Amino acid sequence: MLKQYLQFKLSQKLSPQQIQLMKLIQLPTQAFEQRIKQELEENPALEGGKEELDNDYDSDLDNSTDDYGDNETINAEDINVDEYLSDDEIPDYRTQVNNYSSDDEEKTMPYAAGTSFTQHLINQLNTYRLSDEERDIAEFLVGSVDESGYIRRSLSDITDDLAFTQNVYTDEDKVASVLRIVHQLDPAGVGARNLQECLSIQLHRKEKTPDTQLAINIIDTAFDQFTKKHYKKLLQKFDISEIQLKDAISEIEHLNPKPGGTYAGNNRIVEHIVPDFAIRIVDGELELTLNGRNAPELHVSREYSNMLKGYKDSKEKSSSQKDAVVFIKQKLDAAKWFIEAIKQRQQTLFVTMSAIMHYQKEYFLTGDERNLKPMILKDIADEISMDVSTVSRVANSKYVDTPYGTKLIKEFFSESMKNDQGEDVSTREIKKILETVIEEEDKRKPLTDEALASILKEKGYPIARRTVAKYREQLDIPVARLRKKI
C-alpha cells in the first residue's frame with residue numbers, strides 16, 4: 001500500500017556574508033589585525049591608510065550591491081557602472097572611530113632568535129668526554145626532554161626506540177648511566193623522570209647544610225608523606241623538631257618543579273593579551289572605549305574606480321574590457337562588503353560590551369567581585385536584541401582593560417542561586433567569599449569542606465558540602481589536609 005505524506009520543513013540558512021561577519025566578531029584584536037592584513041593582500045580593490053579626496057565624506061554603502069561570494073554568472077552588460085562612481089570619483093569608506101588617534105604607536109612583539117632548549121642541552125654535552133655510543137644515547141635522551149624539563153618515558157621504551165630508530169643497540173643499564181650525565185646539565189633537575197627525582201637532583205646540587213641534608217632525606221625516603229603533608233609522621237620518622245622540619249620544607253619549596261620552563265632561549269611564544277575594550281571611571285561614571293586597533297582606516301581603491309570610469313567612457317567595449325569590468329566589479333563588491341562588515345563588527349562589539357558594563361555597573365565602579373550580579377548570555381542578548389551566539393562570540397574571546405586589571409569578558413557571567421533571604425546572588429560572589437574564608441583560616445588546622453559549608457550558611461549562603469567542594473576545586477584550592485602548614 002502506497003502512502004503519501006506532505007511535510008513542511010522550516011530551515012534557516014546563513015548567507016556567506018553572515019557567516020564571515022560572525023567569524024570577524026569572534027576574532028580578538030590581534031587575530032583581527034591579521035585578518036585585515038590578509039584581506040588587503042588578497043583584494044587589490046581594498047586599500048588601507050588615509051585617502052586624500054577633493055570632497056572628503058563618509059558614504060554609506062549601496063544596499064543594492066550584489067551578494068559577495070555567490071557563484072552566479074555576471075554579465076558585463078548588466079553592470080551599472082554609475083553605482084560604483086560618484087561625484088567624488090570614489091568615496092572613502094573609512095572605518096575609524098572617534099577614540100582612535102592616527103598617531104597611535106603600533107606596538108608589535110619582537111621575537112628573539114635564540115638557541116632552542118634542546119640545542120642548549122646538546123651544547124653542554126660537548127663539554128663532556130663521551131664515546132660515540134654514549135653521545136648518540138645522550139642526544140636521544142636530550143631530544144626526549146619535554147618543555148617542562150622531564151623525560152616522561154621508561155628506560156625500556158627509550159632502549160627500544162634507540163634500536164629501532166637510531167640503530168643503537170644497547171641495554172637499560174647503559175642508558176641509565178648516560179642519563180646520570182644528562183642529570184648534570186643545566187638547569188638543575190633537567191632530564192628527571194618524575195617530580196621526586198627532579199627535586200632530589202636539585203637538592204644534591206646544593207651546598208650541604210643540615211637543612212638541605214634533611215630535605216634530601218625527606219624527598220628520597222619519605223616523599224609520599226611529604227606530598228600528603230603528614231607532618232607528624234615526618235617528625236617521628238626523622239626525630240626532629242617542628243622548626244627543623246619547617247626549615248627543610250622551606251628548602252624544598254624554593255626548588256623549581258619545572259626546570260625546562262626557566263630557560264629563556266626555548267623560543268616558546270608567550271601570548272600577549274591585547275585588551276579589546278577599556279573601561280575607565282570618569283567623574284564617578286563609567287566610560288567605555290573600543291581599542292583603536294579594531295577600527296582600521298580602509299577605503300576602496302581609487303585606481304579601480306578609474307578603471308570603471310575608463311570602461312564607461314570608452315565607445316567600443318572589447319571582450320577583454322568586459323571580462324575586466326566583471327573582475328573589477330567582484331573585487332569592489334568584496335571590498336565594500338568587507339568595510340561594511342568591519343563597521344558592523346565595531347557596532348556589535350561596542351553595543352554588547354556596553355550592555356555588559358551597565359549590567360555590572362556596581363562591580364566596575366568598585367572592583368569588588370561580591371558585587372557581580374548573576375548574568376547569563378541570554379540576559380545580554382535580550383537587552384541588545386541579538387542572538388545568544390553573537391554575545392557568546394564576544395564574551396568568549398575578548399578582554400577588557402579595567403581599573404582592576406585586564407579581564408576576560410566571559411568571567412563576568414555566572415549562574416545564580418538564592419541566599420537565605422530568597423535573593424538571587426552570583427555564584428562568583430559565593431566563590432569569592434569562600435576564597436576569603438580559606439585565606440583567613442588557621443593553616444595549622446585548615447577548614448574541612450563541611451566546616452566551610454557551615455561558615456557559608458552562617459553568612460547567609462545555604463549550600464551543601466559537595467557544592468563547596470565543587471567551588472573549591474574550580475578555584476584550584478586543595479583539600480584541607482594539603483593546605484596544612486606547620
Side-chain angles (χ1 to χ4, degrees), residues 8-36 38-39 60-70 93 95 97 99 273-279 286 288-291 293-296 298 333-334 336-361 363-364 372-402 406-417 424 426-428:
F8 291 96
K9 186 177 181 181
L10 181 64
S11 64
Q12 185 178 23
K13 186 179 179 182
L14 294 176
S15 68
Q17 293 95 326
Q18 290 173 311
I19 294 172
Q20 290 298 322
L21 177 60
M22 290 298 103
K23 289 181 178 179
L24 283 176
I25 289 172
Q26 191 163 351
L27 293 176
T29 298
Q30 285 182 304
F32 175 67
E33 287 183 313
Q34 290 300 314
R35 179 67 180 86
I36 295 287
Q38 178 188 348
E39 191 70 19
D60 291 331
L61 294 176
D62 189 342
N63 293 328
S64 66
T65 300
D66 292 337
D67 284 344
Y68 167 53
D70 292 346
Y93 296 97
T95 56
V97 291
N99 61 312
I273 295 172
V274 176
D276 304 270
F277 308 91
I279 293 177
L286 297 174
L288 174 68
T289 55
L290 177 65
N291 188 324
R293 291 161 68 173
N294 288 288
L298 298 175
D333 282 347
K336 287 182 177 182
W337 173 83
F338 190 73
I339 291 169
E340 178 64 19
I342 290 176
K343 288 181 179 178
Q344 291 184 36
R345 177 182 183 274
Q346 290 171 8
Q347 182 181 14
T348 302
L349 294 186
F350 197 87
V351 167
T352 304
M353 188 63 227
S354 181
I356 294 171
M357 181 182 73
H358 287 100
Y359 201 98
Q360 300 290 5
K361 182 177 180 179
Y363 163 74
F364 285 115
L372 276 172
K373 294 167 58 178
M375 179 178 72
I376 59 176
L377 294 172
K378 191 174 185 302
D379 293 331
I380 301 301
D382 291 344
E383 183 76 20
I384 60 178
S385 300
M386 288 187 183
D387 195 81
V388 170
S389 63
T390 303
V391 178
S392 175
R393 283 179 170 86
V394 175
N396 286 333
S397 58
K398 306 291 186 299
Y399 287 83
V400 57
D401 182 24
T402 74
T406 300
K407 310 285 186 181
L408 183 61
I409 294 172
K410 72 175 182 181
E411 293 179 357
F412 302 130
F413 290 84
S414 64
E415 298 290 341
S416 66
M417 67 160 290
D424 284 335
S426 168
T427 53
R428 285 290 300 276

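Scope of the values below: all heavy atoms of this structure, side chains included, with no hydrogens, waters or symmetry mates. What you see is a predicted model; the values in this text were computed from it and never measured.
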Item to check | Distance (rounded to the nearest 0.5 Å) between Arg293 CZ and Glu33 CD | outcome: 4.0 Å
Checklist entry - From Ile409 CD1 over to Thr402 OG1, what is the distance, rounded to the nearest 0.5 angstrom? => result 11.0 Å
Indicate yes or no for a side-chain donor-acceptor contact from [X] to the backbone of [Y] under 3.5 Å, with no hydrogens or angles considered.
X	Y	answer
Thr352	Thr348	yes
Asn396	Arg393	no
Arg345	Met22	no
Gln344	Leu21	no
Gln26	Ser397	no

Taking all atoms of both residues into account, what is the closest heavy-atom pair of [X] and [Y], and its distance?
X	Y	result
Ser354	His358	O-ND1, 2.8 Å
Leu377	Ala395	CD2-CB, 4.4 Å
Leu349	Ile25	CD2-O, 4.0 Å
Ala341	Leu24	CB-CD1, 3.8 Å

Checklist entry - Between Arg35 and Glu39, does at least one N-O distance fall below 4.0 Å, as a salt bridge requires? => result yes
Non-hydrogen side-chain atoms of [X] and [Y] separated by less than 4.5 Å:
X	Y	answer
Phe413	Pro374	no
Met357	Ile279	yes
Ile36	Phe338	yes
Pro28	Val274	no
Phe32	Ile342	yes
Val391	Ile384	yes

Next on the checklist: Run the side chain to side chain contact (heavy atoms under 4.5 Å, CB included) test against Leu408 and tell me which residues pass, sequence neighbours left out.
Outcome noted: Tyr399, Lys410, Glu411
Checklist entry - Which class fits the ring pair Phe412 and Tyr363: parallel under 30°, tilted 30 to 60°, perpendicular over 60°? => result tilted
Item to check | Distance under 6.0 Å and angle within 45° of ring axis: Lys398 vs Phe277 | outcome: no
